[in-house]
Amino acid sequence: MTSGLSGRVVKALGLFSGTQMLTILCSVVRTKFVALWIGTLGVGVFGILNSLIEMICTLSRLGLDTSTVRDISKAAYSDDRDRLTYIVTIVRRWGWILGIAGALLMVIAAPWLSDYSFSNQSYKYGIMALASIVLLNSITSAERSILQGISRLKMIAIASLIGVIAALIVSVPMIYVWKMDSIVPVLIVYAACNFVAMLLIARKYSVPGKERIGFKATLQSGSEFVKLGSYLTLGVFVGWVANYFFMSWLNRTAGSDILGCYQSGYTIAIRYSGIIFTAVGMEYFPRISGLSGAQYKRMELFMWHEASMLLRVIIPAAIALVFLAPLMIHLLYSREFMSASSMVILAAPGLILRGTSWCIAYTMIARGDGKVYFISELLSGVTGVVLNIIGYTYLGMNGIGISFTIWYLMYTLMVWAIARYRYGMKMRAGYRIISYTLAGAACVCVLGYLALGLK
């Protein structure tokens, strides 16, 4: 059984890590053309509008794309076709409802968003046009959650690849010809290409929904998804607020140059390593979400197996990060950002702790325990900000890397305690996995200090 699980995990990791890497590559190519043909102003405007879109899209979805996977997986796992088609219909309708609501909100808030982001009203109408992305993204996410719930992972990867490649091909000539005027249309093109690709794939490989479900039933059934999804959204939002608060504090305290170095280190240590977690989660989350009741013992088995598999990947990755951090920063940025290398090296042990804690935390969502998940994320966010401020105050960039590792050590112990005492999970395998995690993190700590001494 475990060998079969291992094969599935490795297959999902290879499939989605490759997809994520190609997506990042397309993003790098697009940014490079923007820098060449528009300049630093264009890169800045692209970054601001992208951040704005991501924030509004995530808030407007209310975690529907994650919370619905749980119910879809349960229906698919039990082979209840009627229940599955019913849930699929509700998910698709709520994708439209939340997308329209989010788009209207963005249109109404456009003057304020333009003024806050650019200190003028010059992008008011551009932001209004970008509201269409909120609608397209909501519908796309609903279809993706359906495919994920029924384990059509390969189709999700194919749709993602088609979308990003088509968008890059279409957008490059637009950037060359229209320069600054291309920014808003290019962002819309990216969303539209992903929408069309996902819709074509979903039409062929997804589940047909029921037509005769009243509006009242749609609202009642969807409200359960939204209730859990709201906790998930709040959990993610806490992370945004924590990072934004620390970045604002760092900018006021140390200046924009240090903030830029921190951002480059954060991208390498957190964003790029997140590719591994996203890839594994595409297969792991639907599998544990399909379990309930007496089957929770299997969830315990799956959780520790997933953690052990992830350790085999993340420990070598953390070791590589220790020795390759200066080279990565030099290639991706420039020598001006080299002070971030020590932060990345000292944060590497935290990546190992993050991998294990991530596997445990997902069981809260799979059980529908959104309130506990939100509280744990809130405590984690507050802890991270406090540790980062203390770390930078006394040890500079090195202190941020150390605080990241201490932060995830505390978070790992917290979610482990929740799994043990709230859910009654047996810790026979858990003690072994936690021991491996701590030992791996300790070894990477030693290597990190050695690498710093060799610099």
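Treat the numbers as computed from the prediction; the structure is a model and nothing was measured. Sequence positions, counted from 1, serve as the residue numbers for this chain.
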Asks: Tell me whether S357 contacts the main-chain N or O of T412 through its side chain, where contact means a donor paired with an acceptor under 3.5 Å.
Replies: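 A pair under 3.5 Å: no.
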
Asks: Is N137 reaching over with its side chain to a backbone N or O of I133, donor-acceptor style, under 3.5 angstrom?
Replies: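 No, the answer is negative, given that no donor and acceptor are paired below the 3.5 Å cut-off.
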
Asks: Evaluate the criterion side chain to side chain contact (heavy atoms under 4.5 Å, CB included) for residue pair V134 and L98; output intermediate values, then yes/no.
Replies: CA-CA 9 Å; V134 179; L98 294 177; over 6 Å; no

Asks: Working to the nearest 0.5 Å, report the span between CG of L49 and CD1 of I127.
Replies: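 L49 atom CG to I127 atom CD1 measures 6.0 Å (nearest 0.5 Å).
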
Asks: Go through F323 and I319 one step at a time and tell me if the side chain to side chain contact (heavy atoms under 4.5 Å, CB included) criterion holds.
Replies: CA-CA 7 Å; F323 294 102; I319 293 172; 4.1 Å; yes

Asks: Tell me the closest heavy-atom pair linking A159 and A197, and the distance in Å.
Replies: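 In terms of heavy atoms, the two residues are closest at O-CB, 3.4 Å.
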
Asks: Using modelled atom types only, decide if a donor and an acceptor are shared between the side chain of S114 and the backbone of A110 within a distance under 3.5 Å.
Replies: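 Answer holds: no.
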
Asks: Side chains of I100 and S138, heavy atoms from C-beta outward: is any pair under 4.5 Å?
Replies: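 Not in contact.
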
Asks: How about W358 and Y362: are their ring centres within less than 6.0 Å of each other?
Replies: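 Centroid distance W358-Y362: below 6.0 Å, so yes.
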
Asks: If I compare all heavy atoms of V444 with all of A348, which pair ends up nearest, and what's the gap?
Replies: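 Result for this residue pair: CG1-CB, 3.8 Å.
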
Asks: For side chain to side chain contact (heavy atoms under 4.5 Å, CB included), just list the numbers for I87 and T68, CA-CA rounded to whole Å, side-chain angles, deciding distance to a tenth of an Å, and then say yes or no.
Replies: CA-CA 8 Å; I87 295 173; T68 54; 5.6 Å; no

Asks: Please examine the side chains of L52 and M106, heavy atoms only from C-beta on, and report whether any two atoms are closer than 4.5 Å.
Replies: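 Yes, their side chains come closer than 4.5 Å.
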
Asks: Is the closest side-chain heavy-atom distance between I150 and L84 below 4.5 Å?
Replies: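 When only atoms from C-beta onward are counted, L84 and I150 do touch, with a gap below 4.5 Å.
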
Asks: Report yes if the side chains of S60 and L105 come closer than 4.5 Å at any heavy-atom pair, otherwise no.
Replies: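 No, side chains not in contact.
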
Asks: Determine whether D181 and M174 satisfy the following criterion, side chain to side chain contact (heavy atoms under 4.5 Å, CB included), listing intermediate values before the conclusion.
Replies: CA-CA 9 Å; D181 293 335; M174 296 170 63; over 6 Å; no

Asks: So, taking the atom named CE in M328 and the one named CG in L321, what distance separates them when rounded to the nearest 0.5 Å?
Replies: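 Here the interatomic distance stands at 6.0 Å.
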
Asks: I need the minimum non-hydrogen distance between A441 and P349, along with the two atoms involved.
Replies: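 Heavy atoms of A441 and P349 come nearest at O-CB, 3.5 Å.
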
Asks: Supply the atom-to-atom distance I158 CD1 to M198 CE, rounded to the nearest 0.5 angstrom.
Replies: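 It is 10.5 Å, given to the nearest 0.5 Å.
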
Asks: Within a radius of less than 6.0 Å around CH2 of W178, do more than 12 heavy atoms belonging to other residues, nucleotides or ligands occur?
Replies: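 Counting neighbours around CH2 of W178, 12 or fewer heavy atoms of other residues, nucleotides or ligands fall under 6.0 Å, so no.
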
Asks: Are any non-hydrogen side-chain atoms of I375 and K371 less than 4.5 angstrom apart?
Replies: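 I375 reaches K371 side chain to side chain.
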
Asks: Mind checking the CG-CZ spacing from L136 to F195? Nearest 0.5 Å is all I need.
Replies: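 Between L136 CG and F195 CZ, I get 5.5 Å after rounding to 0.5 Å.
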
Asks: What is the minimum heavy-atom distance between C26 and Y190, and which atoms define it?
Replies: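 Reported closest heavy-atom pair: O-OH, 4.3 Å.
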
Asks: Side chains of M309 and H305: closer than 4.5 Å at any heavy-atom pair?
Replies: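 In short, these two side chains touch, coming nearer than 4.5 Å.
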
Asks: Between atom CE of M128 and atom CD1 of I108, what is the distance when rounded to the nearest 0.5 Å?
Replies: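 Answer for the CE-CD1 pair, M128 versus I108, is 9.5 Å.
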
Asks: Could you walk me through whether R422 and D369 pass salt bridge (charged side-chain N to carboxylate O under 4.0 Å, His left out), step by step?
Replies: CA-CA 11 Å; R422 183 175 177 83; D369 208 350; 2.6 Å; yes

Asks: Rounded to the nearest 0.5 Å, what's the gap from CG on N388 to CZ on F246? Could you check?
Replies: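 Reported to 0.5 Å precision, the distance equals 4.5 Å.
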
Asks: Would you check if the side chain of T363 reaches a backbone N or O of I360 as a donor-acceptor pair within less than 3.5 Å?
Replies: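 Indeed, once roles are kept as given, a pair shorter than 3.5 Å links the two residues.
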
Asks: Parallel under 30°, tilted from 30 to 60°, perpendicular over 60°: which one fits the rings of W407 and F404?
Replies: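 Ring orientation of W407 relative to F404: perpendicular.
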
Asks: Any side-chain heavy-atom pair from I314 and R354 closer than 4.5 angstrom?
Replies: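 With C-beta onward as the side chain, the pair stays apart.
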
Asks: I433 and A307: which non-hydrogen atoms are nearest, and at how many Å?
Replies: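 Distance-wise, the nearest heavy atoms are CG2-CB, 3.7 Å.
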
Asks: Is it true that, when you exclude M414 itself, more than 12 heavy atoms of the residues, nucleotides or ligands shown sit nearer than 6.0 Å to its CE?
Replies: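 Buried by this count: over 12 neighbours within 6.0 Å.
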
Asks: Looking only at heavy atoms, what is the nearest atom pair of A242 and G381, with distance?
Replies: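 Closest approach of A242 to G381, heavy atoms only: CB-O, 3.8 Å.
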
Asks: I want to check something: taking the side chain as every heavy atom from C-beta on, are E143 and V91 in contact at a cut-off of under 4.5 Å?
Replies: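 They are not in contact (no side-chain heavy atoms under 4.5 Å apart), so the answer is no.
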
Asks: Is there a donor-acceptor contact under 3.5 Å from the side chain of Q121 to the main chain of P111?
Replies: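 Checked: pair present.
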
Asks: Do any N or O atoms from the side chain of S376 and from the backbone of V415 form a donor-acceptor pair under 3.5 angstrom?
Replies: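 No; zero donor-acceptor contacts below 3.5 Å.
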
